[in-house]
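Worksheet: the structure to be examined is printed underneath.
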Amino acid sequence: MTEATATARTSSGDAPDAHPAASPTGSSTPAHAAEPAAPPESEPVRHVDVAAEGAAMAAAIGRVVEGKPHVVRLALVVLLAEGHLLIEDVPGVGKTTLAKALARSIDGTVRRIQFTPDLLPSDVTGVSVYDQESRAFEFKPGAVFANLVVADEINRASPKTQSALLECMEERQVSVDGVTYELARPFMVVATQNPIEMEGTYPLPEAQRDRFTARVSMGYPDREAELAMLDERGTVDPLAALTSVTDAAGVRAMVAAVRELHVADAVRRYVVALAEATRRSPDLRLGASPRAGLQLLRAARAAAALAGRDHVLPDDVQAMAGPVLAHRLLLTPDAALARRSADTVVTDLLATVPVPRGR
């Protein structure tokens, strides 16, 4: 596939620059490698009120995604937990709108990839191109070199292309031709997908789903929100009017503040107990991985920070358990025949695992 074709499938209209710089590491470096994009280690410490900043971002996004405050809050939790968000639902309910609204609320670099069956991995990660003048290979960064990547309809691409995101999402880096390129911070993938029963979709493999911190379904808006949408969006696009609330440095400061939240030993044990309970459940043939427990704790920290607390409560863990764990679990054939869902299994496990008391 030519470079022109790859560029046509990605959009950088929401970003001030099309190709954020990449930082190469490794034994060999291609000619004309881009300069490092990561923030300097000497970046000054920036104190931030996570709850206030989060409320401002939620208010801005809420003007675009109406009637879904819980969905907006979960998106912010995933952002502050240094994770990735999977938005799954039927077409036309605002999946891409939520992803783009979150992106516009941050004054950072943003790229959008429209996943299609003929999209190649190099369109996502980048490719080394031979330069006739310098007679050397030059790395052309792909769409993942941004603070926020919107992967639209990710399950319409082939599994080979889907797997191109595995290293990016877990290790925040890209390896091309034996050279590793660091991604900018913050880095977040917001992927949308249609239900797997839809025509022309490929189910995400277990390894890919496990890299997403949380999954959320938009659902249909209530009557009042849908009426307001009909009235307002006939003349104006609220997404175009959305202005950034913070920048990449502000998000890094919020993430740093979230990391400092106190987590009692009893709460840590509670997270591990929940993960172990999924592995013993007779309704599941695949339980939660250790990565799932780690991301559950990170999400609980972010939820507590957005609530204005300096410590994590078991309630935070319980609130995040469904979105963080359910999409990673695989039901047994008997549970599937009984029409049980992974969300129902998580709810039942929350009722059986003892909740720690006190801080």
Side-chain angles (χ1 to χ4, degrees), residues 1-15 18-20 22 78 83-103 109-129 139-146 148-177 181 183 187-218 239 286 327-328 330 342:
M1 179 177 293
T2 64
E3 182 185 352
T5 305
T7 305
R9 290 205 183 91
T10 61
S11 170
S12 58
D14 298 332
H19 287 296
V78 174
H84 310 286
L85 180 64
L86 180 62
I87 310 173
E88 182 184 64
D89 218 318
V90 297
V93 294
K95 300 188 299 295
T96 305
T97 300
L98 171 62
K100 294 177 73 173
L102 177 63
T109 53
V110 181
R111 298 298 302 276
R112 178 180 177 272
I113 312 172
Q114 180 62 56
F115 279 73
T116 55
D118 62 340
L119 191 73
L120 296 178
S122 58
D123 299 335
V124 177
T125 59
V127 64
S128 295
V129 179
F139 179 66
K140 298 292 185 181
V144 294
F145 287 90
L148 199 148
V149 177
V150 180
D152 206 10
E153 296 188 303
I154 189 174
N155 61 335
R156 291 201 181 279
S158 67
K160 181 179 181 180
T161 303
Q162 292 175 6
S163 65
L165 286 172
L166 291 177
E167 181 185 13
C168 310
M169 295 172 67
E170 179 65 19
E171 301 175 46
R172 265 69 173 179
Q173 66 182 30
V174 172
S175 297
V176 178
D177 295 335
Y181 300 87
L183 297 175
F187 173 72
M188 178 181 181
V189 173
V190 181
T192 71
Q193 74 167 353
N194 296 315
I196 59 174
E197 294 83 5
M198 289 282 186
E199 184 176 351
T201 60
Y202 300 85
L204 292 179
E206 291 81 2
Q208 185 88 27
R209 292 201 306 269
D210 198 47
R211 268 131 172 116
F212 284 100
T213 299
R215 180 190 63 182
V216 64
S217 295
M218 297 292 294
L239 189 61
L286 178 64
H327 66 285
R328 310 167 190 269
L330 292 181

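Numbering of residues begins at 1 and proceeds along the displayed sequence. All values below come from the heavy atoms of this structure, side chains included, with hydrogens, waters and symmetry mates left out.
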Would a 4.5 Å heavy-atom cut-off, applied to side chains only, mark V78 and V216 as touching?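 Sidechains of V216 and V78: no contact.
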
For residues I113 and L119, determine if any side-chain heavy atom of one lies less than 4.5 Å from a side-chain heavy atom of the other.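 Sidechains of L119 and I113: in contact.
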
Distance in Å, [X] [atom1] paired with [Y] [atom2], rounded so as to fall on 0.5 Å steps:
X: T161; Y: D118; atom1: OG1; atom2: CG; value: 8.5 Å
X: Q193; Y: F115; atom1: CD; atom2: CZ; value: 11.5 Å
X: D152; Y: T116; atom1: CG; atom2: OG1; value: 11.0 Å
X: K100; Y: K95; atom1: NZ; atom2: NZ; value: 13.5 Å
X: L148; Y: R112; atom1: CG; atom2: CZ; value: 13.0 Å
X: L183; Y: R172; atom1: CG; atom2: CZ; value: 8.5 Å

Closest approach of [X] and [Y], non-hydrogen atoms and distance?
X: S128; Y: D177; value: OG-OD2, 2.9 Å
X: G126; Y: V176; value: O-CG2, 4.2 Å
X: F212; Y: I154; value: CZ-CD1, 4.3 Å
X: L165; Y: V144; value: CD2-CG1, 3.7 Å
X: L330; Y: E206; value: CD1-OE2, 3.6 Å
X: S122; Y: V127; value: CB-CB, 4.1 Å

Could I get the full list of side-chain contact (heavy atoms from CB on, under 4.5 Å) partners for S217, not counting sequence neighbours?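 Once residues adjacent in sequence are excluded, the partners of S217 under the side-chain contact (heavy atoms from CB on, under 4.5 Å) criterion are D89.
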
Listed partners of Q208 passing side chain to side chain donor-acceptor pair (under 3.5 Å), at least two apart: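 Side chain to side chain donor-acceptor pair (under 3.5 Å) list for Q208, sorted by chain: empty.
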
Test of understanding: with side chain to side chain donor-acceptor pair (under 3.5 Å), list the residues that count as partners of R328, not counting sequence neighbours. D210, Q295

V149 vs F187, test: side-chain contact (heavy atoms from CB on, under 4.5 Å). Steps then yes/no. CA-CA 8 Å; V149 177; F187 173 72; 3.7 Å; yes

Would you say H327's side chain and L86's backbone share a donor-acceptor pair under 3.5 angstrom?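 Not a single qualifying donor-acceptor pair exists.
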
Is there a donor-acceptor contact under 3.5 Å from the side chain of H84 to the main chain of R211?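 Judged by distance alone, no pair lies under 3.5 Å.
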
What orientation do F139 and Y181 show, parallel under 30°, tilted 30 to 60°, or perpendicular over 60°?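 Correct class here is parallel.
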
